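When a ligand or atom number is given, it counts from 1 through the structure's own listing order. Since we're looking at a predicted model, the values are computed, not measured.
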Amino acid sequence: MSDVSLEGDDLAGAVGAVAQRVRGLRRIAVVATPTLETVVAIAGAVEAGVTVVTINPQAGETERAYVLQDSAPDLILDQIDLTARAALPAQPAPAAGAADLPGGPGGDESPALVIYTSGTTGPPKGAVIPRRAIAANIDALADAWAWTPEDVLGHALPLFHVHGLVLGTLGPLRLGSALHHTGRFAPTPGGTLYFAVPTMWSRVPEPAAFSSARLLVSGSAALPVPVFERLVALAGQRVAERYGLTETLINTAARADGERRPGLVGAPLQGVEVRVTGTDEFGPVEVRGPNVFSGYLGNPAATAAALAPDGWFATGDLGLFEPDGQLRIVGRQNTDLIKSGGYKIGAGEIENALLAHPAVAETAVIGVPDDDLGQRIVAFVVPHETVDAAVLVDHVATTLAPHKRPREVRFVTSLPRNPLGKVQKKLLT
Ligand code: MCA
Ligand code: AMP
């Protein structure tokens with residue numbers, strides 16, 4: 001891919017042109033390829049107060065159809081070509097009733113983004129992220145990381161999730177710093193600040209190339225201690241970890257001017273409350289603050305299950321506070337949520353996809369520890385008929401998305417079940 005860039009008045013002009021075209025719409029879906037077009041399209045919609053539903057450009061038919069049906073956008077921007085203005089409506093329809101979303105267009109409580117995130121069972125849920133959460137979170141991160149317009153941020157993150165979109169794109173746009181999206185993760189000329197998931201930090205071939213950066217940040221999954229230490233030894237850099245969720249954006253972060261210790265994800269950001277409940281040494285982590293989402297789109301039951309009326313959000317993570325006030329994440333309450341390469345993937349969603357294949361009689365999906373991905377997806381399958389593992393892997397990759405595909409399929413004659421017939425995943429190895 002050749003280098004393309006946009007800055008200053010040209011950037012503002014392109015964003016303003018999109019804003020003008022979409023203003024008045026209720027929500028649009030953007031197929032968020034990692035391109036400048038996506039940045040301009042999303043920024044334009046945000047400027048116009050139009051909600052953006054992000055779609056993974058690699059989403060398969062089933063996943064994409066589900067997201068579009070669930071979110072019912074007024075317009076889908078796919079393969080956006082900014083020169084082809086025909087892709088955008090000349091006179092957008094007036095806003096339809098947005099009864100399912102709180103707040104008026106452009107107001108602080110109004111929804112800026114709907115980002116789909118996996119649950120343990122069934123299809124993903126659309127997390128509704130209001131404008132105030134994005135603004136508050138970026139400003140709190142600017143404080144934690146001394147992030148200024150002089151920074152040059154480098155990353156290679158996908159643009160349909162919080163990490164690459166809210167932190168990695170809206171962050172520089174709000175704070176006025178440069179962003180270099182590098183395609184594949186690599187150092188960039190003048191780079192002062194880098195964001196990446198642990199898999200990317202672990203794969204860096206020449207860590208020394210990052211030695212001139214001001215701050216390296218890792219998040220979306222736990223950074224293994226050996227990866228932290230390798231960057232200390234070979235780049236002279238202590239990576240700053242931060243901890244977040246799609247529903248809460250970022251909750252805690254190691255500070256640029258603070259101690260950065262391996263295995264710790266820092267202290268709560270400005271304005272964010274974090275508590276560990278229960279009486280054990282570690283317990284469920286809960287979060288409250290302006291960073292917390294409004295709810296799941298059209299799913300009040302799921303919202304009520306996670307977000308209490310007094311504003312505390314149950315993250316599903318288990319953690320403890322160290323004596324110095326930094327949080328340590330020690331695991332998750334539900335092992336049916338898998339983190340692979342920084343993506344959250346629900347075991348149930350993959351099981352449902354596999355069960356839709358005619359050769360699959362029964363299946364159980366688990367995450368197993370993996371040096372490269374953190375966890376890798378393994379599917380245990382009881383087949384009806386002979387089938388190649390590769391066919392099933394491809395089936396998941398093409399109906400859902402490639403990152404949700406099992407990295408391994410193990411054929412078995414039966415699944416271990418308890419007397420009530422529930423699969424005992426702990427016995428699967
Ligand atoms: C492989 N490929 C396939 C198949 N096999 N395509 C179709 N069918 C198949 N059977 C393709 C893939 O699409 C990909 O293509 C290429 O082969 C390599 O695949 P894969 O091995 O999956 O990719 P990878 O190199 O292992 O990716 C590792 C990665 C990626 C780059 C670290 O996992 C990644 O981008 N992770 C970021 C996740 C993230 O942003 N999470 C933030 C969530 P191609 O090369 O063309 O793509 S937000 C969050 O968690 C909270 C808020 C937080 O705290 O941040
Ligand atoms: P997602 O829903 O994709 O936004 O993933 C959120 C989950 O990622 C959290 O609930 C955590 O389990 C995990 N996570 C994010 N950042 C970290 C981190 N620095 N250390 C450990 N786990 C993390």
Side-chain angles (χ1 to χ4, degrees), residues 1 32-34 54 56-60 115-119 124-125 127 129 133 137 141 155-168 182-185 195-204 217-224 228 239-254 262-266 284-285 287 291 293 306 313-319 326-335 337-346 367 370 372-377 389-407:
M1 202 195 295
T33 49
T54 57
N56 176 355
Q58 293 190 322
I115 298 186
Y116 278 77
T117 182
S118 293
K125 297 169 287 188
I129 302 172
N137 211 231
L141 289 172
H155 75 75
L157 293 156
L159 299 188
F160 54 93
H161 267 315
V162 164
H163 197 166
L165 178 57
V166 177
L167 277 66
T182 58
R184 295 209 169 268
F185 187 53
F195 296 166
V197 298
T199 303
M200 294 172 178
W201 285 123
S202 137
R203 288 181 184 179
V204 162
V217 181
S218 178
S220 302
L223 183 71
F228 180 98
V239 173
E241 265 205 87
R242 94 293 178 289
Y243 158 69
L245 289 89
T246 304
E247 293 90 335
T248 65
L249 308 183
I250 305 309
N251 303 310
T252 68
L264 301 188
V265 297
V285 177
V287 175
N291 53 317
F293 77 152
F313 176 81
T315 64
D317 293 309
L318 297 168
Q326 291 209 45
L327 185 68
R328 182 187 293 278
I329 299 296
V330 298
R332 262 186 299 280
Q333 286 173 288
N334 194 325
T335 50
L337 280 178
I338 300 164
K339 263 272 160 171
S340 190
Y343 286 115
K344 186 159 86 176
I345 303 160
D370 185 278
D372 179 45
L373 294 169
Q375 284 183 294
R376 72 172 179 283
I377 297 170
V391 169
L392 298 182
V393 169
D394 239 39
H395 172 72
V396 176
T398 52
T399 56
L400 297 180
H403 71 264
K404 294 183 178 174
R405 71 191 190 276
R407 303 292 166 133

- [ ] Run the contact test for R184 against ligand 1 with a 4.0 Å cut-off on heavy atoms, strictly below, and give the result.
- [x] yes
Open item on the list: Closer than 4.0 Å and a protein heavy atom, does any atom meet both conditions relative to atom 42 (C) of ligand 1?
Closed with: yes
Open item on the list: Just to confirm my output: which protein heavy-atom neighbour is closest to atom 10 (N) of ligand 1, and how far is it?
Closed with: D394 OD1, 3.0 Å
Open item on the list: Applying a heavy-atom cut-off of 4.0 Å, say which part of T117 lies close to ligand 2: side chain, backbone, both or neither.
Closed with: side chain
- [ ] Report the nearest protein non-hydrogen atom to atom 19 (N) of ligand 2: residue, atom name, distance rounded to 0.1 Å.
- [x] R242 O, 2.8 Å
Open item on the list: Are the side chains of K339 and S220 in contact, using a 4.5 Å heavy-atom criterion?
Closed with: yes
Task: Candidate with minimal heavy-atom separation from atom 27 (O) of ligand 1, of R203, H395, H403 - done: R203
TODO: Report yes or no: does a heavy atom of P158 sit under 4.0 Å from some atom of ligand 1?
DONE: yes
- [ ] Heavy-atom contacts with E241 under 4.0 Å: which atoms of ligand 2 show up? List them by number with element.
- [x] 18 (C), 19 (N), 20 (N)
Task: Ring centre gap for F228 and W201 strictly below 6.0 Å - done: no
- [ ] Can you pull out the closest protein heavy atom to atom 8 (N) of ligand 1? Residue, atom name and distance to 0.1 Å, please.
- [x] A397 CB, 3.3 Å
TODO: Just need the protein heavy atom nearest to atom 7 (C) of ligand 2, so name the residue and atom and give the distance.
DONE: K339 CE, 3.6 Å
- [ ] Could you tell me whether a side-chain N or O of R332 sits under 3.5 Å from a main-chain N or O of L337, the two making a donor and an acceptor?
- [x] yes
Open item on the list: Is the contact between A221 and ligand 2 made by the side chain, the backbone, both, or neither, using heavy atoms and a 4.0 Å cut-off?
Closed with: backbone
Task: Proximity flag G244 to ligand 2, non-hydrogen atoms under 4.0 Å - done: yes
Task: Per-atom contacts of ligand 2 with T246, taking only distances under 4.0 Å to non-hydrogen atoms - done: 1 (P), 2 (O), 3 (O), 4 (O)
- [ ] Distance to 0.1 Å, residue and atom name: give those for the protein heavy atom nearest to atom 10 (O) of ligand 2.
- [x] D317 OD2, 2.5 Å
Task: Min side-chain heavy-atom separation Q375-I345 under 4.5 Å - done: no
TODO: Please confirm whether E247 comes within less than 3.5 Å of ligand 2 when only nitrogen or oxygen atoms on both sides are compared.
DONE: no
- [ ] May I ask whether V265 places a heavy atom under 4.0 Å from ligand 2?
- [x] yes
Task: Short N or O distance, K339 and ligand 1, threshold 3.5 Å exclusive - done: yes
Open item on the list: Please state which option from S220, G119, G263, S218 has its nearest heavy atom closest to atom 14 (N) of ligand 2.
Closed with: S220
- [ ] Please state which part of H155 comes within less than 4.0 Å of ligand 1, counting heavy atoms only: side chain, backbone, both or neither.
- [x] neither
Open item on the list: Any atom of ligand 1 sitting under 4.0 Å from a heavy atom of R407?
Closed with: yes
Open item on the list: Using heavy-atom distances only, which candidate in L245, V396, V197, L165 approaches atom 52 (C) of ligand 1 most closely?
Closed with: L245
Task: Option of least heavy-atom distance to atom 37 (C) of ligand 1 (set: G342, A401, G341) - done: G341
Open item on the list: Can you tell me how far apart CG (D370) and CZ (R376) are? Round to the nearest 0.5 Å.
Closed with: 5.0 Å
Open item on the list: Any protein heavy-atom neighbour for atom 17 (O) of ligand 1 (distance below 4.0 angstrom)?
Closed with: no
Task: Residue, atom name and distance, where the atom is the protein heavy atom closest to atom 48 (S) of ligand 1 - done: H163 N, 3.8 Å
Task: Winner among A222, G342, G331, G266 once heavy atoms are compared against atom 22 (N) of ligand 2 - done: A222
Task: ligand 2 versus L245: contacting region, heavy-atom distance under 4.0 Å - done: both
- [ ] Could you tell me whether atom 34 (C) of ligand 1 has a protein heavy atom closer than 4.0 Å?
- [x] yes
TODO: Mind checking whether H161 contacts ligand 2 via backbone (N, CA, C, O), side chain (CB onward), both or neither, at a 4.0 Å heavy-atom cut-off?
DONE: neither
Task: Nearest neighbour in protein (non-hydrogen) for atom 44 (P) of ligand 1 - done: Q58 NE2, 3.9 Å
TODO: May I ask you to identify the nearest protein heavy atom to atom 54 (O) of ligand 1, giving residue, atom name and distance to one decimal place in Å?
DONE: R242 NH1, 2.9 Å
